[in-house]
Structures are given as structure tokens and as C-alpha cells.
Amino acid sequence: MLSFQLLIAALATGSVYALIAVGLNLIYGTMRLLNVAHGDLVMLGAYATYWSFSLLHVDPLIAVPFVGLLAAGIGAAAYFFLFQHFLRTGSLTDRIEANSLLVFFGLSIAIENLASLAFSGNPQAYEYLDRVIRIGSASIVGNRLAALIIALCTCIGVLLFFRLTTLGLAVRAIIQSRDAAEIVGVSARKTYLLTFCIGFGLAGMTGAVVSLYSQIWPFMGFSYTIVGFVIIILGGLGNIVGSIVGGLLLGVLETFGVAAVGANYRSILIYGVFIAIIIIRPQGLFGTKSTAR
Amino acid sequence: MSATLLELRAVTAGYGDVVVLHEISFSAREGSVTALIGSNGAGKTTTMRCVAGLLRPDNGTIAWRGGVINALSASERVELGISLVPEGRLIFPDFTVEENLSIGAFNPRAKPNRNRRRDEMYGLFPRLRERRGQHAGTMSGGEQQMLALARGLMAEPKLLLLDEPSLGLAPSIISQLFDIVDTVRRMGVTIVIVEQNVHRTLQIADYVYVLENGQIVIHGDAQSCAENPNIKQAYLGLY
Ligand SMILES: Nc1ncnc2c1ncn2[C@@H]1O[C@H](COP(=O)(O)OP(=O)(O)OP(=O)(O)O)[C@@H](O)[C@H]1O
Ligand SMILES: [Mg+2]
């Protein structure tokens, strides 16, 4: 059961899960906004990579950072046009959360339907690095390995950014208390904009990574949003490290669970983890009261 | 006489429909210590939040060196040199003591001197040096209060707003605190202080405002206030 092969597969799934969750949790942690359109950004990132490969012959690995930047730009636009006015006052938090959920939901539906009009509803895929690579006793398809490495390195990069840079410290300050951060000179508005860019950018990058090995279609986003949501509950709302560990953990649970009971139970496994956490440890595995508000 | 650094003119402010401050006017001169005293619920914290930029006045103006700053956010006011040590401390519980101090110097004026400044704070508050790696949320109330003060000073303020800095401190520490406030003012920092410890406050203050029900009812230099029978009776427990 505890084979090296399964562990590699778990890592391949888990690292991408972690990447999804980090972006989603960043926006949630700083602004208490649940971006239900996160998965749709993943979808757009996947299509951007697909088209640039099949039309312009751009190497997908080179496309990854550019797709991330493009998605970050969409994040900035979303902040300026849709959210800035909600976030201007900190006093109406409850109403902000309700309104923004609706805005994100509307955004999600609009993106999905426009995408299905523009790209057709048929699944697409491209062939890239599809040779099998052996690592010790395990084997993994090249594109899967590439996805694993990119996702893991990006997660580590994000982590280092939050640990080591002053800007990262500022974002973590805002996550703990907006007022406290403002009185030490951290601008909430600038931090929100930065967070939108990083969160959306990571979603776009995830899409580019996912497109390396998986079929893409306009309505693929929802399942990614759900997975991301389960992980941030698992790792703790607003807890970035928790999201990375939680993502890897869910990858392990899913891979070993599916190996044990069969692929038909994948959704049941994921929702099962979700419900178990909600009941047993609603603050998340690593959550403290302060990070869970 | 020194110039006016901060001036509030007929400031009205509150929370939602509740009006707390009714056309408050007061000013702080450069290099002075201005005390704001008043009973619980008088509006002292509300006034401090308005000055710091955490609360927008409904009416009236807040001026810094003569220029109106109503529209500036709290973080922009930190860049000007306004630093609040808030009631309830508002430290970052998940940060270590050291991280709390570092983020205190986030503004571009203070950032270049961050490490030197942090060492100075450790000199001023040896207890914080001992606890530098500890998460601030796990410190005692008094330690957190010291941390809040040290963090406020990290910003290299020109105007330091102290909202009940002695709250929760042991008596021996309180007298150290007032010594530190005195040291800070001698470094040229203008101070506005809200305190329940009126006796000690009147000793270090130059000018005093008394706030009742959101209005300034008495103001004058510290000496005349210390002799004012109403203040003696209401705040000093003397007859
Ligand atoms: N967030 C808030 N929402 C509504 N009312 C508030 C809020 N904060 C304070 N108030 C009200 O405003 C009034 C003034 O409060 P404030 O905190 O300014 O008083 P204070 O003078 O600082 O009192 P204390 O000495 O107890 O700290 C009080 O009546 C209080 O109930
Ligand atoms: Mg108060």
C-alpha cells in the first residue's frame, strides 16, 4: 500500500492542490472574500496555455509565468472595477462579504458561459512531455513531473515571500488586523490590490500547470474551487502554510483512498474530509483562534 | 512659542448614527505633551481614532502643520509622522516580538533605520529583548502594552498618540512608563496622551483638555488645571 509509486502520485496531485488553495486562501485571509470564481481563473489559464501552444507554438513551460502575469492583470482589473468600492470602509464587513460573494458568483457564471461560447464546450488537450520517466521504483509521466515541480517550487516561493520579505510581513499583518496594520503604515488598499494580483495570478498559473497533463473544458473550474475550499477549511482560513500542508495532505488522502476503494469514491472522499473537519476541528488542522478570526 | 503641529477644528464624529464627538476643537504644539482626560465613555478613544485616521469625522477638519488631512488614510498619516499606540494594544498576536517591532518601522521614513531603532527599543524595554522570539499573543497584558508602545516608537513618530498606555501595568512599571514618555518628549516628539492616571499625567503634561460627553468642557495649561477645583474633585479625588 505505502508504495513509492503512490507517494509520487500523491505529491503530483497534492502540489497542484496546494497551489490552488494558497491563492484562494490569500484573498480570503486578507479581505474575507471567498473567490468562488477562483476555479474559473484556473480554466482561463489552462486555455491561455493551450491556445498559445497550439496556435503560436509557445512552449507551455515558458507560458506558465506569462499566464500567471496575465491572470494577475485580470485580478487588478477585478479589484479596481468590481471590489474597490466595497472595501473602502471596514465597518460594513458583513454586507461586504455577502455582496462580494454575489459578485464573484456572477463573475464565475459569466466567465464559464463566455468561455463555452468562445471555446466550444468540447474538452481539449495537447500532447507535451508525455514520455514516462522512472524515478527509482516509481514511474511518472513527464508532464506530470513538470507540473509537480512547478507547483511545489511556486508554493515554496510564495512561502518564502511571506516569511522573508517586508511586503510579505505586511500582508500577514493585514491578515491579523486591518486596523493594526494601518496604524503601523501598511496601506490596506495597496495590500488588497497586491493580494488580488497574487491570488488571481496563482490561479492562472495553476491552470497553465493543469493543462500540461489534463483535459480542459469551460466548466472545469468548479471542481477546482471546491477542492481549494476544502483545503482552506482543512488548513485553516487565512493560514498560508496550512494551505500548502493541507493541499499535500488532501493529495495523499485522495491518492491512497482511491487506491484502496476505487476512483468512484473520489468525490465522497473529498467531501468526507470536508465534513469531518467542519465537525471535529472547525478552526482547521493548524488554525488558531486569531487566524480563524 | 512653538508652532501648532496638530489642530482639530469643530470635529464631529461617531459610529453609524450615534454621534460621539460634538464639535471638538483642540490643538497640540510642537514638542509639547497634551493630555486628554475625561471619564469612561467621554470620547477620548474616539478622538484618538479620528486623529490617527481609523475613523473619519462627519464634520470639521483635522489639520497637520496647517494642512487639512481629513482625506488621508491611517497609513498615509503614519508617513506624515502620526503614530498611535491604541487602547486595547492591537499588537499582532501571530507575530513574534521582533516581527511586531519590525513591522512598526514599515513606513518609508523609518525603514532605513529599522535595525538600529529596534536595538534602541530593546535597550528601553529589556523585557522585550528577553522575549524577542516569543509570539506576541502569548505574552502577558503588561508585556503586550510595552510592545505596543515600542512598536509605536519604531515608526519614528513626530506625533505620538498614547491611549491609556498605563492600562494593565503594575505600579512600579507605571512610573517607568512615565519616565519613558518623558524621555521620548525630550527627543523632540510631540505627545498627546489619554490617561486615567490623572495625577501623574498632569505632572508631565504642558496643556490639558477635559472631555465630557463628547465635548471639551475645560482646557488650560497643566498647572492651572491641577489647581482647578472641578478637576481636583472629579479626577484627582481631592476636595
Ligand atoms: N465601535 C463603536 N460603535 C458604537 N459605539 C461606540 C463604538 N466605540 C465606542 N462607542 C461609543 O462611543 C462613546 C465614546 O467611546 P470612547 O471609546 O471614545 O470613550 P473613552 O473616552 O475612550 O472611554 P474609556 O475611558 O472607557 O476608554 C461610548 O459611549 C461608546 O459606547
Ligand atoms: Mg478609551
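First the proteins, then the strands, lettered A, B, ... as listed; each starts at 1.
Here the OG1-CD distance, from B/T4 to B/E30, works out to 9.5 Å after rounding to the nearest 0.5 Å. For the atom pair A/Y224 OH and A/L24 CG, the distance stands at 14.5 Å (nearest 0.5 Å).
Heavy atoms of other residues, nucleotides or ligands lying less than 6.0 angstrom from CG of B/N213 number 12 at most. Atom CZ of A/F66 sits in a sparse spot, with 12 or fewer heavy atoms from other residues, nucleotides or ligands closer than 6.0 Å. Within 6.0 Å of the CD atom in B/E23, the count of heavy atoms belonging to other residues, nucleotides or ligands does not exceed 12.
Contacts with chain A (heavy atom to heavy atom, under 4.5 Å) involve these residues of residues 52-80 of chain B, listed by number: B/L54, B/S73, B/A74, B/S75, B/V78. Using a 4.5 Å cut-off between non-hydrogen atoms, no part of residues 123-141 of chain B approaches chain A.
No other option in B/I91, B/L90, B/I103, B/L161 has as many heavy-atom pairs under 4.5 Å with chain A as B/I103. With chain B as partner, the option from A/A181, A/S177, A/A180 having the largest number of non-hydrogen pairs under 4.5 angstrom is A/A180.
Between A/F229 and A/F274, the ring centre distance stays below 6.0 Å.
The backbone N or O of A/V252 lies less than 3.5 Å from no partner atom in the side chain of A/T255, so there is not a single donor-acceptor pair.
Ring planes of A/F104 and A/F196: parallel class, angle under 30° (limits at 30 and 60°).
Taking both residues in full, the closest heavy atoms of B/A205 and B/A35 are given as CB-CB, 3.9 Å, listed atom of the first, atom of the second, then distance.
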Q.
Applying side chain to side chain donor-acceptor pair (under 3.5 Å) to A/N25 and A/S243, what does each step give before you reach the verdict?
A. CA-CA 7 Å; A/N25 209 359; A/S243 282; 2.8 Å; yes
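Neither the backbone nor the side chain of B/R89 comes within contact range of chain A, judged by heavy atoms closer than 4.5 Å.
Between the side chains of B/T46 and B/Y15, at least one donor N or O lies within less than 3.5 Å of an accepting N or O.
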